Amino acid sequence: MSEIPGQIRYLETLVGIEQDSLRGFFVGWRSPLTPERHLEVLRGSREVVLAWDDELRRVVGFINALSDGHVCAFIPLLEVLPEFRGCGIGSELVRRLLSRLESYYAVDVICDAEVIPFYKRFGLFEGKSMMRRNYT
Ligand SMILES: CC(C)(COP(=O)(O)OP(=O)(O)OC[C@H]1O[C@@H](n2cnc3c(N)ncnc32)[C@H](O)[C@@H]1OP(=O)(O)O)[C@@H](O)C(=O)NCCC(=O)NCCS
């Protein structure tokens, strides 16, 4: 694992975050969200954790959760900018979010097969799910 850049801070609020600091995410998506929509998605989320680079003054990783506020939560998005991967930022985002959701009965994630080992590190286990996607 590479060293975690010292200038990274973890924020659990969107106060002071502007769309300009949310560039570069949704790598590989057919229709990447614009920074404006990304900010709207984060604002609509019950919980967010951001990895903020103090030197670059931008967000380099984020995770969010949607929930009923009591029992169930769903983690729809987690991403670290490619140049910041492999130095523990993704793990720290997951740890911090799971700790905020500690009292919940269910915390669910739907992910690609290659990310399953990553989530297993945090005590999540595999289950069956149903889903619908709108690719247009
Ligand atoms: C998944 C992701 C968030 C991990 O972020 P990261 O900052 O690189 O993660 P960490 O540095 O904390 O990695 C922790 C460990 O998980 C492993 N890991 C990271 N991403 C992985 C992946 N996609 N598949 C399998 N293992 C992975 C790393 O190799 C590392 O292992 P190590 O500790 O033995 O070196 C990042 O790769 C990413 O943004 N991927 C694209 C988006 C994505 O797949 N998000 C998940 C959607 S549900």
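Order of appearance sets the numbers: ligands from 1, and atoms from 1 within every ligand. All residue numbers in this chain count up from 1 along the given sequence. Everything numeric in this text was worked out from a predicted model, so none of it was measured.
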| message | Please verify the inter-ring angle class for Phe26 with Phe62; under 30° counts as parallel, over 60° as perpendicular, anything in between as tilted. | response | tilted

For ligand 1, which atoms, with element, lie under 4.0 Å from some heavy atom of [X]?
X	answer
Cys111	48 (S)
Glu114	22 (C), 24 (N), 25 (C)
Gly88	10 (P), 11 (O), 12 (O)
Gly86	6 (P), 7 (O), 8 (O), 11 (O)

Please check if atom [atom1] in [X] has more than 12 non-hydrogen atoms from other residues, nucleotides or ligands closer than 6.0 Å.
X	atom1	result
Gln19	CD	yes
Arg37	CZ	no
Met130	CE	no

| query | So, is Val109 polar-close to ligand 1, with some N/O to N/O distance under 3.5 Å? | reply | no

| Mind checking whether Leu78 has an N or O less than 3.5 Å away from an N or O of ligand 1? |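 Indeed, backbone or side chain, Leu78 has an N or O that close.
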
| said: Holding to side-chain contact (heavy atoms from CB on, under 4.5 Å), I want the full list of residues that pass it with Val15, two or more places apart in sequence or in another chain. | reply: Thr13

Hey, looking at [atom], which of [options] has the closest heavy atom?
atom	options	value
atom 20 (N) of ligand 1	Phe26, Phe84, Phe118	Phe118
atom 30 (C) of ligand 1	Arg121, Glu79, Lys120	Arg121
atom 12 (O) of ligand 1	Pro117, Ser91, Pro76	Ser91

| message | Using the rule that Ile, Leu, Val, Met, Phe, Trp and Tyr join whenever any side-chain heavy atoms are under 4.5 Å apart, tell me whether Leu66 and Val109 fall into a single cluster. | response |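 No; Val109 is not reachable from Leu66 via cluster members.
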
| task | Measure from the side-chain N and O atoms of Tyr105 to the backbone N and O of His70, and report whether any donor-acceptor pair falls under 3.5 Å. | result | no

